[in-house]
Each structure stands twice: as C-alpha cells, then as structure tokens.
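Report on the following structure.
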There are 2 protein chains.
Amino acid sequence: MRIHRAGLHQDTASYGMELEPSYTMLEFDSLRPLPEEAELVVPGPAPSLPPSSGSSLCSICADKATGKHYGAASCDGCKGFFRRSVRKNHAYTCRFNRQCVVDKDKRNQCRYCRLRKCFRAGMRKEAVQNERDRISCRRDGQGLGTLSISMLLQAEASTHQLLSSVGGIHCDTGMKKVAHVGDVCESMKQQLLLLVEWAKRIPEFCELPVDDRVSLLRAHSAEHLILGVARRSLPYNDIILLGNDFIIPVNGPEMEVSKVAARILEELVRPLRELDVTDMEFACLKAIIFFAPDCPGLENPQAVRQVRFQAQVLLDEATYEQRGRFGELLLMLPPLQSVAWQMVEQLQLVRLLGEASVDTLLQEMLLGEGVARAGAAAGPGASAGGGAATGQGAQLKGPEQGSNTEVFSFMSSGDPAMACGPLGAQEVLPNQFISVILPVPNSLPDLPLVPTQTGTEVYRPRQDPGMAQEMPSSMPIPPMHRCL
Amino acid sequence: MRIHRAGLHQDTASYGMELEPSYTMLEFDSLRPLPEEAELVVPGPAPSLPPSSGSSLCSICADKATGKHYGAASCDGCKGFFRRSVRKNHAYTCRFNRQCVVDKDKRNQCRYCRLRKCFRAGMRKEAVQNERDRISCRRDGQGLGTLSISMLLQAEASTHQLLSSVGGIHCDTGMKKVAHVGDVCESMKQQLLLLVEWAKRIPEFCELPVDDRVSLLRAHSAEHLILGVARRSLPYNDIILLGNDFIIPVNGPEMEVSKVAARILEELVRPLRELDVTDMEFACLKAIIFFAPDCPGLENPQAVRQVRFQAQVLLDEATYEQRGRFGELLLMLPPLQSVAWQMVEQLQLVRLLGEASVDTLLQEMLLGEGVARAGAAAGPGASAGGGAATGQGAQLKGPEQGSNTEVFSFMSSGDPAMACGPLGAQEVLPNQFISVILPVPNSLPDLPLVPTQTGTEVYRPRQDPGMAQEMPSSMPIPPMHRCL
DNA sequence: CGGACTCGGTCAAAGGTCTT
DNA sequence: GAAGACCTTTGACCGAGTCC
C-alpha cells in the first residue's frame, strides 16, 4: 500500500540506540531506522547488482528480499519473524552483548538482535495487523443445535415422494377435477397423515414426551394444511391445488370454500410467489410453525422453544443474501394463522351440516376434539399460562380449568331442524362441549354448503386438556396416538 | 490499507494488537445511528469540513465510505470484498457464533459475518457484473425509504408523554385499583385515541388516502392495545397494568378478563421480558403490525407493504448483533394476534351482556362495526382478495360480496333468556350481522361477566367494507374520521 | 462538455498455510 | 513451538462508461 507516509514521522535524534537492559520489546519502540548505508552489512561495493535492484536484498539479513514488509525491504523470513514477534509480543534476550551479527546464516542465532535490526531497518509494529479469518476451507456445519437444513429437506422429501407419484407432473389445470367437500376432507386427511410422518422424521420431535408430540401435532395442523396447499398452488393462477390432485377454483360453486381459496391465493400464494420461496425456506417455515412453544399443555415448552429458535436461525441464515427476506417470510405467519382459522370454521360447519363425513383424525387434529390424551400432564406446566378460554381455537388453547362437561349445542335461527340433524350422525364424545352458530341463510341457500352469502362463521371451542386426567384409561385410543 | 495511519495514534503498551477476546461477544451498541441519519443530522453547517461533508460512513464497517457500491454505502474494502465473494461464489463459515462485530478494525476477522452484513446493508449479488458492460439501470432508488427509527421513537415518545404524566412512577402494585369492565373500556378508548395520534405523526401514514388510513387504524387496533398493555406490564408480575393506571390481576374477580390477562402475561410479557425488548424494538414492532398490507379494502396495499418492509428492515438492523433476536421478535406476532382476538371476543361479550357502555370508537376500531366509510374504494382493488367471510374478524377481513343484511342472532342452550336480553340495550346497526354464541353457564355463573368457566367464545363478523358504496352520504361521520 | 457516480481492474503488501 | 517458502486476500488507486 502506498500510505507509508507514516514513515515521515521523524524523530531526528536517536539512532544511537542505547542498549537498555530491559528485555521487553518495548525498548525497540524508540528505535529509529538508521540510514540504510550505515546499516547494510555489505555496505560499500555491492559487487554485482545492488544499484539496479535496490529492493532485492533484505535490509535485515541481506538475504533476497521479497518486497517491502512493514516498512522495510526484507525477506520472507524476517517478515514472518517480525510479524510473529509483534503478534505474540515476544520478549527476547541477547545472551551476549547485543552486538550479534545478523545475516542470512546467523539470523536465527539471536532473536533479540534480529528484532532490533528489524526495527532499525524501518519496520514498524503498527504495520502488523490483527489476526484475520482463516483461509482454509474447513466446512463446519451449523454450530447451533442439532437441527439442520438437510434433515428438514429430507423429511420434506420423504413425505413428498408419496405425493409426487400420485400427482404426477401435469400442470394442466383443465385436466383436474373440481373438488367437492368430500374430496377436500379426504385431501386434508392425507396431508395430516403426511404431517405426522414428517414430524416423526425429525429427531427433535421424537425426543419429546408423547403428550407434547400430540400437542404439537394438533396445535397448528391447520396452518400446515394451508401452507402446503399454498405451496402446491404456486404455479397456478386462480386455483388451489389439493394434495389429491383436485382443484378448488376461486370462482367455484361452493362459495364459502372458494372464499378461503381466494384468501389463500391473495394473502399467501401471491406474496410467496413474489418472494419465489425455495424448498429450503419452506422447510424452515414448516418447522418454525410446528415447534410452537405457546402450544397449550406442553410439558416442556422450553425444549420446543429451543427447536423453534434453531429453525428460525436456520431460515435466517438461508435467506441472508436478500435483505428483508427473512422478515417477509416470517410475516407470512399471521395471515397464515388467520386463513387457517377460517378454514377450520368451514370444516366445523361442514361437519355440522353433515355435508361430509369428517374423519376422526380431522376431528382430533383440526377441530381439537376427540379423545383428549394430550395435555394429561399439563398440570403444573400450564400454570399461569394457557388460561384464556381462547375462542376460535386460537393456537388450540384450551382452558385448563374449564368445565369438563361439554355438550354439543347448535342452533340456527333460520332452520332449527339443522341443529340436531348432523349431531346424531357423529360420535359425541363424553365431556365434550361444542357450540356452533350458523349463519342465517338470507338470500340464496341453493348451494348445500353455503347457507348464506355472507361470512360463514363457526365457533369452535377446544377440549379441555386437563380433563384427560379424570378419564378412564380404558377409553379408546385417539387416532393420532395410534400413528405415533 | 489504512493500518498505516494507525501509526498516528500512539499505541500504549500493547503493540502486539492481539485479538480482543471479546470481539465475538455481543455488543449492544444499538444506539448507533444509522448512516442515513448521520447524513441527515448534519445537513447544512459543515463548511469547515469538506472532506467529511459529502462522504458518509460505510454501512458495513463504519469506515469512510467511497460511495454506494452494489446497493449500499460502503468503503473500498467492503466493496472489493463483496465483489470477490460474489464472483468466486465463496461460502464462508463463521468460526464463532455468527454474531461477530464487523467494524473498521475487526472486519477481516470473520468473512462470514462480514459478507452477511454486506447483504444486510443492502448489497445485492445482481449488482456485481462480470464483464465490462455497464448496465444502465442505475438510480436504483433509495434502497430504503424514509422511515427512520428516530421518527418512530419520536412518535412513540410524543404519545407517551400524556401517559407518563398520568401514570407517574409508582410501581407499587398495591396502590393501584383493580379495573372493572368500565375501566377497561375507558382505558382502551384512551389508548385507541393515542394510537390515532401516534399514526398521525408518521409521515408515511399521512400520505396514504384517507380510506386506507382508516382501514389501517381499524385493522390491528386490538393488537396494538395488547402490545401496549404487555409493554406496560413488563415490570410487574401477575398483573396487567392498564393505561389509566388500573390493574388487572391474573386471579382477579372477573375470570374471563383475567384469562386474557393470563395469556398476555404468559405468551407476551414473559418472552418480551426474557428478550429485554428495547424501546426501539417496540417502536419497530408497532409499525410492522400497523402497516399490514393484508388489511382488507386497501386502496394501495403495495404502499403499505413497502412501509412495513422498511419497518422490518429497521428492526432487523437494530437487532442484528444478537443472533436470532429479530426472528424471536417477529414470532411474537402470531400469539399477539391470537390474544388480541380473544380480547375482542370478550369485548363483544361485554357489550352484548350490557356490562358496560362500549364507546362508538371502540365499536368502530375494535369491533369493526359502526359506520363503514373505509373500504369505500375497495371495488377493483380487492378483486381477487378479501373474499372469505372471515369468521372471528380475522384481520378485519370483510366479505366484499357478502350480504348487506346482517342481523343479530344469539343463542345459548343454557339460558335462553340471555339471548335476547342485552340485544335490546344496544344499537343494532343497519345491515349489520352479528352472531354470538355464549358459553353455557354450567357451574358457577356467579360473576356477571363470566357465564361459564369454560372458554368464552364469541363470534365476531365484520362489516362489509363494500356496502358503504350504497350508503347515503348524509350518514353520520364515524368517530375515527373525525379524528383524522 | 464535464463533473459526480459507480462499475471493473490492478498489484503492493498485508494475511495465512504448511512442511521442516 | 519456530522458521520460512509459498500462496491468498485485502484495499487504495485508477480508468471507463453513464447520467445529470
């Protein structure tokens, strides 16, 4: 570099360096470079070619110089010696009279005199920089935790294999059938089973207590369905592609379903498409959603929080090349949660209307019903937390001190007959309370699923996770437990 | 290299500038002014320092910048480093915790963190060209907009002034009164007015069309209330401190209210306290929540999205020195949304039970009712979007093609008398549909607000933003419009 | 036309690597 | 651990298009 103006700091006086007995390197600070002629070991004649290449000789040991280093023409040896000495703050001592000859042959015989000659030749310790990063290409994986992107991608790939063999590669929308309610439920069931399989491929998940595993699987399963369907629908416009190759058009016949589809397209598919989300990012998002420490009734929320932390750091590092990308991805989660809730409401409605048979797995995972084994150990863990009756099944919060006696209550101001209709056809679990309000069919109730054009709203409470404690152990095992 | 200039600062004892052992430690100099601010703060009076006037600081290492390079103001060193890294497709690895400090002195100590910071500062791979062909697309825009942390902090401070004079500094919980329903509503009203004032101090907000301003104010007002109360309650345990100095104890008499309080404490206050959230971070979070592009009926969602983008990048930059902090902060938003919805349900319930008079402002902003002027221009903009009947008022989505005729429908299987009771006492807006389900009072309905111990769930639809178009213009101006 | 900007490239002199 | 031959990275400086 050319900023060697620092060499201009002149202190006239002392080249007569006094030989202080102090043996720290501090003493060299006062040394000033001597005129080169005076210092050259081979001063005068310089037989062959000193004048042409003045920089060819090391001004410390007269070896061949490799350039100027730290302010003085020097060889690699003296360069390295000076750097090591300064970096490590070495304190040398001369065993003789500090008048040792320093040349190519004898330069290693006295470090004290060699270093002193470095300073005299003009080397400055300020020119030695801080230690830098290593150059070697050691590949060190993720230093944090055990969660890795490759593992997440593998888990994802393994659950997609089944899918790809079914769906094939035919992006032709026109070839696909429009899904009816039963198709949607069937697809959801498939996807939920895949979600369980996905989770089981994550070691961090398998190490959790079984009740926590169940809680996590139930907590945000709806969001996983929505995220999955949004991802699958990325290549298309105005349609949602289900896992079983059915589609839901935005302007389909079943209006309430199409409304959810429209929100998926507008609030999720479109921004995800604009971001051009990668598989890696999807995998991380999925894990971030899955390992939700706020999930009610968790025995060990801190463990879950740590896994989520690893996942979000993984996503951060996977996206750091684009400013703001990480934030934009995480900011997809609130609308995802919102859309997922709306979908659950639709499902609740469908079940109550008897439009389709809602599988017990869907009931347990999406509707938060079914036999409650999860949360059995919620006792002290959920102490201050949980609380909150949590309407709308937000995050599957269950009131842990709520009533155990729950009954179905259903009513429609428009058609009271509907109230009791579907209830008989489904299993009503003991101690289960589900109340639902149906929208008023006011204009065109021609479509079976759509009693009204306005919003269809369903209230969906959750089971009490604490009530399992009082349940007889002989009760049937819920479907999710059988999966695990 | 500029280490030569280091010679000017006379070193003390340690010439062997060893690595500071702390250089990988967290350093929270979060008050470091942003480069843009630094420029703006010293606008005019710098005639004496021409060299420092036009030049800013490198946004990566704070060395003197030589201009904008690849999208970020940077020094020649970071410029060259970025170019080499991109050209050679280097993949660096941090030997530490990926939180290395990157400044003028230490920028060469971790290439991973340096490159990461280059991206964070706004450098883009695409700006690195391989050959000598100039791509004419210069003037890439400002990169980041005009939103600044100082402005956000000012807006925050100005709305807190009123507050601090009221609340004073008495952390003695015992001295405060337990809030009743009316106190809670009163506090909410105060805070909502402060929210409006806060928004009006943000230039980006003021530049939006009036309908969009109203939409934004309504969209996430409940979350702002919850975030504010959580922040205010940070120093306390087991109580929630309202803005008007009342408190809500977790084990208070009004159980449903206390349940919300418990969720606030557990899901929001506790993690926020563990993070030790700063004012700056709160300010950014508030803006991120506020500028929600998914807000229904927005005339110009892209403008809102850009502001939110700026806000989240600001938060990212304010937190980048602590690994994972940005993600943890953003991951507070889903539970915040969830708790906010539950609070709105409680409010809905309170109003229906006639427990307290719910101000029209609360109705408009929190319950999404009242005169609908917002969304009047929703016509083409909300085309594909919105859709979705959106139960539970998720993000205030309103069905834009839904029915305009909405009626109250209410039912309780336990106490039918309650169904019609409160409805008479409240104003039923025209074309309004509100259906609410009340929990079954099964065990101890002794508390007025708490009909049941189980979850209290309220269904809360929103008004149709599109219906305003058909409304006569002579209708009364809603309270929020008067504020603006 | 000319100065401000921001690309690309250069290469002395830093750094690190690795065998002896 | 030190020495030093050998290779990589850094960044100050410069030229060249482009746009005011």
Side-chain angles (χ1 to χ4, degrees), chain A residues 1-7 55 58 60-61 63-88 90 92 104-111 114-115 118 122-138, chain B residues 1-6 17 19 53-56 58 60-61 63-88 90 92 95 104-111 114-115 118 123-124 126-140 143:
Chain A
M1 317 269 158
R2 359 209 123 128
I3 322 281
H4 306 297
R5 302 167 191 127
S55 61
C58 174
I60 290 98
C61 69
D63 194 0
K64 186 184 178 189
T66 60
K68 289 188 75 172
H69 301 291
Y70 311 113
S74 54
C75 64
D76 270 336
C78 291
K79 166 195 166 191
F81 170 77
F82 187 76
R83 180 177 56 211
R84 283 190 294 271
S85 300
V86 171
R87 284 257 181 84
K88 298 186 176 179
H90 271 313
Y92 305 126
K104 185 176 185 303
D105 295 329
K106 300 190 264 299
R107 62 190 178 198
N108 281 320
Q109 288 179 0
C110 180
R111 290 179 178 138
R114 186 184 191 184
L115 182 59
C118 285
M123 285 191 175
R124 294 165 303 106
K125 57 179 167 38
E126 295 83 11
V128 176
Q129 303 175 359
N130 283 335
E131 205 174 340
R132 284 187 185 173
D133 199 6
R134 303 270 173 255
I135 290 179
S136 60
C137 306
R138 293 184 309 161
Chain B
M1 307 213 173
R2 42 184 75 88
I3 296 97
H4 307 304
R5 300 192 186 109
M17 307 186 267
L19 278 185
S53 63
S55 62
S56 56
C58 172
I60 291 101
C61 69
D63 195 359
K64 187 185 170 190
T66 61
K68 286 189 76 173
H69 301 292
Y70 312 115
S74 54
C75 62
D76 270 336
C78 290
K79 167 198 166 189
F81 171 76
F82 186 78
R83 183 181 57 220
R84 286 190 300 270
S85 299
V86 171
R87 286 257 180 81
K88 295 178 161 181
H90 267 312
Y92 304 124
R95 293 174 293 160
K104 182 177 180 302
D105 294 327
K106 298 191 262 298
R107 63 187 176 201
N108 279 318
Q109 287 175 5
C110 180
R111 284 132 89 220
R114 187 184 192 183
L115 182 60
C118 285
M123 284 191 174
R124 293 169 299 106
E126 303 76 41
V128 176
Q129 305 159 2
N130 228 342
E131 299 179 13
R132 275 247 186 213
D133 41 41
R134 306 258 348 136
I135 296 177
S136 62
C137 59
R138 286 179 49 178
R139 278 296 156 260
D140 197 18

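To find a chain, count down the sequence lines: A is the first, B the second, and so on, and within it residues start at 1.
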With [X], which residues qualify under side chain to side chain contact (heavy atoms under 4.5 Å, CB included), at least two apart?
| X | value |
| --- | --- |
| Val128(B) | Tyr70(B), Phe82(B), Arg83(B), Val86(B), Arg87(B) |
| Asp105(B) | Asp103(B) |
| Arg111(A) | Phe81(A), Tyr92(A) |

To the nearest Å, give me how far apart [atom1] ([X]) and [atom2] ([N]) are.
| X | N | atom1 | atom2 | value |
| --- | --- | --- | --- | --- |
| His69(B) | dT18(D) | NE2 | P | 19 Å |
| Met123(B) | dT6(C) | CE | C1' | 12 Å |
| Lys106(B) | dT10(D) | NZ | C1' | 18 Å |
| Ile60(B) | dT10(D) | CD1 | C1' | 15 Å |
| Arg114(B) | dG15(C) | CZ | P | 15 Å |
| His90(A) | dG1(D) | NE2 | C1' | 8 Å |
| Lys64(B) | dC13(D) | NZ | P | 10 Å |
| Gln109(B) | dG15(C) | CD | P | 12 Å |

For [X] versus [Y], what's the shortest heavy-atom pair and its separation?
| X | Y | result |
| --- | --- | --- |
| His69(A) | Cys75(A) | CD2-O, 4.4 Å |
| Met123(A) | Ala72(A) | CG-CB, 3.8 Å |
| Ile60(B) | Cys118(B) | CG1-CA, 3.7 Å |

Proximal nucleotide (of [options]) relative to the [X] side chain:
| X | options | value |
| --- | --- | --- |
| Arg111(A) | dA14(C), dT9(D), dA2(D) | dA2(D) |
| Arg107(B) | dG11(D), dA5(D), dC7(C) | dG11(D) |
| Phe81(A) | dA3(D), dG8(C), dA14(C) | dA3(D) |

Listing time: all N or O pairs from protein to nucleotides 16-20 of chain C that are below 3.5 Å?
from	atom 1	to	atom 2	distance (Å)
dG16(C)	OP1	Arg132(A)	N	2.6
dG16(C)	OP2	Arg87(A)	NH1	3.0
dG16(C)	OP2	Arg87(A)	NH2	3.1
dG16(C)	N7	Arg83(A)	NH2	3.4
dT17(C)	OP1	Ile135(A)	N	3.3
dT17(C)	OP1	Ser136(A)	N	3.4

Just to confirm, is there a sub-4.0 Å distance from OP1 or OP2 of [N] to any side-chain nitrogen or oxygen of [X]?
| X | N | result |
| --- | --- | --- |
| Lys88(A) | dA2(D) | yes |
| Tyr92(B) | dT9(D) | no |
| Tyr70(B) | dC5(C) | no |

Requested in this report: Taking salt bridge (Lys or Arg N to Asp or Glu O under 4.0 Å) as the test, write out the residues that go with Asp63(A), two or more places apart.
Outcome: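 Salt bridge (Lys or Arg N to Asp or Glu O under 4.0 Å) check on Asp63(A) returns Arg107(A).
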Requested in this report: Look at all strands and tell whether Gly80(A) reaches a base, only sugar-phosphate, or nothing, counting heavy atoms closer than 4.0 Å.
Outcome: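 Gly80(A): no heavy atom of the nucleic acid under 4.0 Å.
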